[in-house]
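As the structure lists them, so they are numbered: ligands from 1, and atoms in each ligand from 1.
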Amino acid sequence: MRIGVAGYGYWGSKHVRVLSGLPGVEVTVVDADESRLAEAQRVHGPIVAVSSLDECLDELDGVVVAVPPAAHAPLALAALDAGKGVLVEKPLATTVADAETMVERARARNCCLMVGHTFEYNPAVWKLKEIIDSGELGKILYIDTARLDLGRYQNDCNVIWDLAPHDISIVSYLLDEMPDETSVWARRHIGRRHADVAYLRMTFPRREVSAYVHVSWLDPCKVRRVTVVGERKMAVYNDLSDNERVRVYDIGVDALESDDVHAMPVSYRTGDIVSPYIQHAEPLLVQDTHFVESLTTGRAPATPGERGLEVVRVLASTDEAAAPATAGRFRSLGTAS
Ligand SMILES: NC(=O)c1ccc[n+]([C@@H]2O[C@H](COP(=O)([O-])OP(=O)(O)OC[C@H]3O[C@@H](n4cnc5c(N)ncnc54)[C@H](O)[C@@H]3O)[C@@H](O)[C@H]2O)c1
């Protein structure tokens, strides 16, 4: 099987590494930048490397689209029109209309369309979901996520479209539902284009849970954290931890009913902190292996285009609020529809 990887940048180069190691898979690297093609050949030796998808589409069985988000739709549609299965990096597209067209085209051509929601292929996220579903945490009160770093500033989208697809995908996967409302605070601090710090609040109606998402390209500390606060216990998934990615804290707070205004309003419970064993597997390897299996078997992937479209709808709901971010004072940008 031959897979074309469109975009040999930061992330596409990882797809090429992972796919090249899969048995029976050969890779064609596609990048509009000649220097990136030369780099692919330096790293991988005699790998086929071309400067446009059109040049190699006929020879491919599937395509991974790992170019900047605004270029996802045209490349994915070209691949689908040629009858090829496609794995598109997150976010699936930069508009709802494009994402809908991609999903419709995949259906019409009977082709696999998969979105690269990498964290849905992450064993630590699976473990966190297992813990939530077991009821160990009790009723979920809220979820908080932080995805912060210094960079990588993007040209064609703001920090929400760049980083929050991960958090929207993780939280909706954990809760088995999509949010019905999104509020956004966002601000651009550096450059003239896009908000680089944002806070989202999403409400999940069935579970009556709110999730708070903090994303930033402008933070001194790299943070990749999901905190799930339950009535009985709390769990923290720290993607940067080497061997304790998920910790379950047997702690909580109980309200004390008393008419005495001087009495303690709550009591605190503290207990063990447990870190469950999680089998190591590189999420991108799990994801790309699943894509190849979907191409081979014809079975729908776990994260089909429809899943990418759901997340794009949530991202688009933040646009109205995030677009007018100015260099002025921090302002509440309201509730997006
Ligand atoms: N799943 C994840 O965890 C994850 C992580 C990082 C990035 N991403 C996604 O991967 C994609 C790429 O991000 P990146 O950080 O690697 O970007 P990048 O800028 O580092 O690389 C993009 C590459 O695409 C090439 N390119 C642009 N337009 C092209 C075209 N029309 N045809 C061929 N090549 C073209 C550029 O020359 C560049 O080499 C984005 O969609 C991003 O959201 C996903």
Check: every ligand 1 N/O to protein N/O pair under 3.5 Å:
residue, atom, partner, partner atom, Å
ligand 1, 1 (N), Trp11, NE1, 3.4
ligand 1, 1 (N), Glu89, OE1, 3.0
ligand 1, 1 (N), Thr118, OG1, 2.6
ligand 1, 3 (O), His166, NE2, 3.4
ligand 1, 15 (O), Arg152, NH2, 3.0
ligand 1, 16 (O), Tyr10, N, 3.2
ligand 1, 16 (O), Trp11, N, 2.7
ligand 1, 20 (O), Tyr10, N, 3.0
ligand 1, 20 (O), Arg152, NH2, 3.3
ligand 1, 34 (N), Ala32, N, 3.1
ligand 1, 37 (O), Asp31, OD1, 2.6
ligand 1, 39 (O), Asp31, OD1, 3.3
ligand 1, 39 (O), Asp31, OD2, 2.6
ligand 1, 41 (O), Val67, O, 3.2
ligand 1, 41 (O), His72, NE2, 2.7
ligand 1, 41 (O), Lys90, O, 3.3
ligand 1, 43 (O), Lys90, O, 2.8
ligand 1, 43 (O), Lys90, NZ, 3.0

Next item on the list: Would you please test Leu57 and Val63 for side-chain contact (heavy atoms from CB on, under 4.5 Å) and show each step?
Entry: CA-CA 8 Å; Leu57 207 41; Val63 176; 4.0 Å; yes
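Between Tyr212 and Tyr142, the two ring planes are perpendicular [angle over 60°; tilted spans 30° to 60°]. Classified by interplanar angle (parallel below 30°, tilted 30° to 60°, perpendicular above 60°), the ring pair Tyr8/His44 is perpendicular.
Every ring-ring contact (aromatic ring centres under 6.0 Å, His included) that Phe119 has, sequence neighbours left out, goes to His166.
For residues 18-36, every residue pair satisfying the salt bridge (Lys or Arg N to Asp or Glu O under 4.0 Å) rule, not counting sequence neighbours, is listed here: Arg2-Glu26.
Other residues sharing a hydrophobic cluster with Val261 under the 4.5 Å side-chain heavy-atom criterion for ILVMFWY residues do not exist; the residue is a singleton.
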